[in-house]
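Below: the structure, in structure tokens.
We use all heavy atoms of the structure for the numbers below, so side chains are in, but hydrogens, waters and symmetry mates are not. Just so you know, residue 1 is the first one in the sequence shown, and it goes up from there.
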Amino acid sequence: MTSSPDIVDIPGLRRPTPAPESKTGKPRQFLSIWFRCCHVYGRLYKNASQTSYNGGCPRCATRARVMIRPDGTTRRCFQALS
Ligand SMILES: [Zn+2]
């Protein structure tokens, strides 16, 4: 029913009002992800080249990654397919 294509991240595009910057100079963007292995939420952080979000399960350290593509998915929450 709802399939609104709200884009999350487009390399090269900036939001009009950037988020407040952290001490390191850049706001650390992340996605929330549901780790099915341990039934916990974790976070994936953007890598340096802005091509994907990477992280791991906070309990068992299973790795997870979400690719960033201009035409890609648009959700803010994901499930780790481990
Ligand atoms: Zn786990």
Side-chain angles (χ1 to χ4, degrees):
M1 182 171 170
T2 59
S3 61
S4 58
D6 46 341
I7 304 301
V8 170
D9 286 295
I10 303 179
L13 276 187
R14 288 283 172 191
R15 283 189 276 174
T17 52
E21 307 218 326
S22 66
K23 293 174 188 169
T24 57
K26 285 185 179 179
R28 199 76 194 275
Q29 297 187 6
F30 65 88
L31 294 178
S32 295
I33 185 167
W34 174 254
F35 287 95
R36 296 197 302 186
C37 52
C38 299
H39 296 90
V40 292
Y41 277 106
R43 287 180 176 182
L44 301 184
Y45 288 96
K46 229 179 206 181
N47 68 359
S49 52
Q50 312 278 297
T51 54
S52 66
Y53 287 90
N54 300 282
C57 174
R59 291 197 184 171
C60 71
T62 291
R63 305 300 299 171
R65 181 167 66 165
V66 174
M67 302 303 293
I68 299 170
R69 300 192 317 180
D71 59 341
T73 181
T74 57
R75 299 184 307 160
R76 262 340 238 184
C77 293
F78 295 87
Q79 284 190 8
L81 303 177
S82 58

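- For the atom pair Cys57 SG and Tyr41 OH, the distance stands at 13.5 Å (nearest 0.5 Å).
- Taking each heavy atom of Ser52 and Arg65 in turn, the nearest pair found is OG-CD, 3.6 Å.
- Lys46 contributes atom NZ, which lies 10.0 Å from atom OG1 of Thr51 (distance to the nearest 0.5 angstrom).
- Across all non-hydrogen atoms, the minimal contact from Cys37 to Cys60 is SG-SG, 3.6 Å.
- Between atom CE of residue Met67 and atom OH of residue Tyr53 there is a gap of 12.0 Å, rounded to the nearest 0.5 Å.
- Here CZ of Arg63 is found 9.0 Å from CG of Leu44. Values are rounded to the nearest 0.5 Å.
- Rounded to the nearest 0.5 Å, atoms CZ (Arg43) and CZ (Phe35) are 12.0 Å apart.
- Scanning all heavy atoms of the two residues, the minimum distance from Ile68 to Gln50 falls at CD1-O, 3.7 Å.
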